[in-house]
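A quick write-up on the structure given underneath.
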Amino acid sequence: MILLPILAGAGFKADRPSIQNLPAPGPHWVWAIHSYGEAYLLDFDSGRFLGSLNTGNVLLKLDFAHGRPLIYAAETYFSRGKRGVRTDLVSIYEQRTLAPVAEVEIPAKRFDGVALTSTSALTGDDRFMLVFNMTPGQSVSVVDLIERKFVGELETPGCALIYPSAERRFNLLCGDGSMLTVSLDKQGRELERRKTQSFFDPGVDPVMEKAVRNGDTWYFVSFRGQLHALDLSGDDALVLPFSKLITEQQREMGWWAGGAQPLAIHRQKQLLYLLVHNLGPGGGVDTHKDPGTEVWIFDLQSRQQTGSIVLRDPASAILVTQDKEALLLAAIDDHSSVLVYDAFSGKLLRSVDEIGRGIDLLQAFP
Amino acid sequence: MSNRIDRWFEISSREIARRTSRRSFLTRLGMVLVGAGVLPLLPVARAASSERMPEDTLIDGPEGDPTDCEYWRYCAIDGAACACCGGTVSSCPPGTELSPIAWIGTCRNPVDGRDYIISYNDCCGKNSCHRCECTRNEGDKPVYIPSRSNDITWCFSTSSNVYHCTMAAVLGVAETDRQ
């Protein structure tokens, strides 16, 4: 303590500077990801900014284990800031303190680009972390999170990104419109790999990489609004018959899906949420990254559209929390603000502003 | 025509990926995408390769201005335009590294109405320039079709992969489909 010339009055109690830990988590805690290496944690009920993470030069997403209060981030550093010797890591942070506790060095090859939730993942048993690499050769690094060591690198030429399923299986999208499924053994080494037939034509109507899951069923939306659902629970990926989220007539009227994170899901209620925009009749080709002005809601059981929410401002990313009083969060395009809606009634509840330096993705606090 | 280029890349990428090791894949893909010395491998019209491209000064409005996102070459760009960052449409700013491997787009020149193949090489090794930030997605494809994806940071074969800006170098006139 520094000795200061303070006149201490009777009964005066000085503050003792300290460090906050996170309080007990709430159901509406969500991470906002800023791709220049920052993540912000907020309570979207109170609007309170709870804390943040710095994760090297580029952050594409955070990963979480279900049974452990830890946060994993694939990171890239250079010895002289933006130049020098490159080191890629999986950093491990303690959830309660948001402080780093360990790191595992991985090959300096991790994919760098826009933030995508499919650039890394944990296996279903929470044992291994998978990191997608591109040099431009495509591969996946496997990290044992219990032993905290790099296990190996699996080459996946022609296929990209990671969609995990089952206990120790992951799936990649391939440039020929197929899906590659890779299974790992208990040590994290490759057991086998299988490839589907092409389930979409990448030259005509490619699927967006930005998928959501309900258990081992993954939902992909294509540029033209076709929904592709894949059951990835078995050794072979199974394509489930599904229909268009945007009909031909709607598309001709100018409705297109788009955004950095255009899909969201409420798993228990089996509702799918899609960010859409309208550029007038005949317009909208190649607008798969444009922000959305509405969110359309679909019942996955009846396969019907059940509602729509007109957004107050165009949004680039959406997320739905998984509780009974679910929120739909919409990150306003090119701003540091999030609109908060009741996910079922569509009522605008509040706006939370000044969230760091910008928002590229939203991720639920597990 | 855009479909033809897509198809060409789809076939080429698949065949290369199947038959070559990763290192050899890198070398060959890099050569193809740079186009240096291997122009015949791209669907570029040979007859037109010796013809001059119209000068930008002939273009009225933002389509002729390399500091404007509507500049004709930027139809599939994503990032900060190097022309605003100390570079030009075909050169990197001082002190940055030029990545030889890039994604490509096919953009129409408003003067002669021809489609040109544009190579969007990234310049790397310094923080993002954050000027003239443009995102246009004509012909853009997802990340699993890398050669047409502008969502990838194309700082490969550079010592630093930190993204600074993107240029738009013309490789040639795109081949047109013959009847």
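Below, chains carry the letters A, B, ... as their sequence lines are ordered, and counting in each starts from 1.
For A:Cys174, the part lying under 4.5 angstrom from a heavy atom of chain B is the backbone only. Proximity to chain B (any heavy atom under 4.5 Å) is shown, for A:Leu173, by both the backbone and the side chain.
Checked against B:Tyr163 for a side chain to side chain contact (heavy atoms under 4.5 Å, CB included), the options B:Cys124, B:Ser128, B:Ser99, B:Cys123 give a single hit: B:Ser128.
Ranked by heavy-atom pairs under 4.5 Å with chain B, the first of A:Asn57, A:Val207, A:Leu116, A:Thr76 is A:Val207. Comparing A:Lys289, A:His288, A:Met208 by how many heavy-atom pairs each has under 4.5 Å with chain B, the most go to A:Lys289.
Looking only at distances, no side-chain donor or acceptor of B:Arg136 sits under 3.5 Å from a matching main-chain atom of B:Ile77. At distances below 3.5 Å, not a single donor-acceptor pair connects side-chain atoms of A:Asp313 with backbone N or O atoms of A:Ile332.
Below 30°, between 30° and 60°, or above 60°: for A:His34 and A:Tyr36 the angle between ring planes is between 30° and 60°, a tilted geometry.
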